[in-house]
Amino acid sequence: MAELLLSGRLIDLILALVALEVLLLHLLRSRGAPPLAALLPNLLAGASLLLALRLALGQASWLWLALALATSLLAHLLDLRQRWQAAPPG
């Protein structure tokens, strides 16, 4: 299991599952699935953190790692903004 994680293959698999989740949510929107726009920032934040981990395991340039982390932060802040605006007052 440690080799699977350290090689990055497990992270690749999880990223592929996140992409599949986005596709399924898009396809199921007519069946009452939440709007993709409401979920995308949260999914992007998580995927960006996974990508940052993958880049770190692959010993990528710190610039790419910083970009993935910054993307995660921005997506997280957008998600918080959406949730804050949707929350009932009080």
Side-chain angles (χ1 to χ4, degrees):
M1 184 67 169
E3 174 59 32
L4 188 63
L5 178 62
L6 293 176
S7 71
R9 287 180 281 156
L10 183 60
I11 306 302
D12 294 340
L13 175 64
I14 296 170
L15 283 168
L17 290 173
V18 170
L20 181 63
E21 181 180 8
V22 170
L23 179 64
L24 286 174
L25 286 169
H26 176 69
L27 294 173
L28 294 174
R29 67 179 182 207
S30 64
R31 293 187 177 184
L36 193 54
L39 301 173
L40 208 50
N42 186 280
L43 291 168
L44 181 59
S48 296
L49 285 175
L50 286 167
L51 181 60
L53 176 59
R54 179 67 173 100
L55 290 167
L57 289 172
Q59 299 179 348
S61 166
W62 69 269
L63 289 170
W64 289 111
L65 183 58
L67 180 63
L69 291 172
T71 301
S72 181
L73 173 63
L74 291 175
H76 175 66
L77 292 174
L78 181 60
D79 180 53
L80 285 176
R81 181 175 167 234
Q82 282 182 345
R83 291 173 190 262
W84 197 300
Q85 288 176 344

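No hydrogens, no waters, no symmetry mates; every other heavy atom, side chains included, goes into these values. The chain is numbered in sequence order, starting from 1.
- The two residues Gly8 and Leu57 come nearest to each other via the heavy atoms CA-CD1, 4.3 Å.
- Both Leu10 and Leu15 are assigned to one and the same hydrophobic cluster, defined by single-linkage of ILVMFWY side chains at heavy-atom distances under 4.5 Å.
- Remark: Gln59 CD is loosely packed, at most 12 non-hydrogen atoms of other residues, nucleotides or ligands lying under 6.0 Å away.
- A single hydrophobic cluster is seen to contain both Leu51 and Leu67, as judged by linkage of ILVMFWY side chains at heavy-atom distances under 4.5 Å, directly or through other members.
- Put simply, the residue from Ile11, Leu65, Leu49 that forms a side chain to side chain contact (heavy atoms under 4.5 Å, CB included) with Arg54 is Ile11.
- For the pair Ser72 (side chain) and Ala68 (backbone), a donor-acceptor distance under 3.5 Å is absent.
- Only one option out of Leu78, Asp79, Leu80 pairs with Asn42 in a side chain to side chain contact (heavy atoms under 4.5 Å, CB included); it is Asp79.
- Expressed to the nearest 0.5 Å, how far CG of Leu20 lies from CD1 of Ile14 amounts to 13.5 Å.
- Residue Leu55 holds its CG atom at 11.5 Å from CG of Leu63, rounded to the nearest 0.5 Å.
- A side chain to side chain contact (heavy atoms under 4.5 Å, CB included) with Val22 is found for one member of Leu44, Leu36, Leu39 and no other, namely Leu36.
- When side chains are defined from C-beta on, Gln82 counts as touching Pro41, because their heavy atoms get closer than 4.5 Å.
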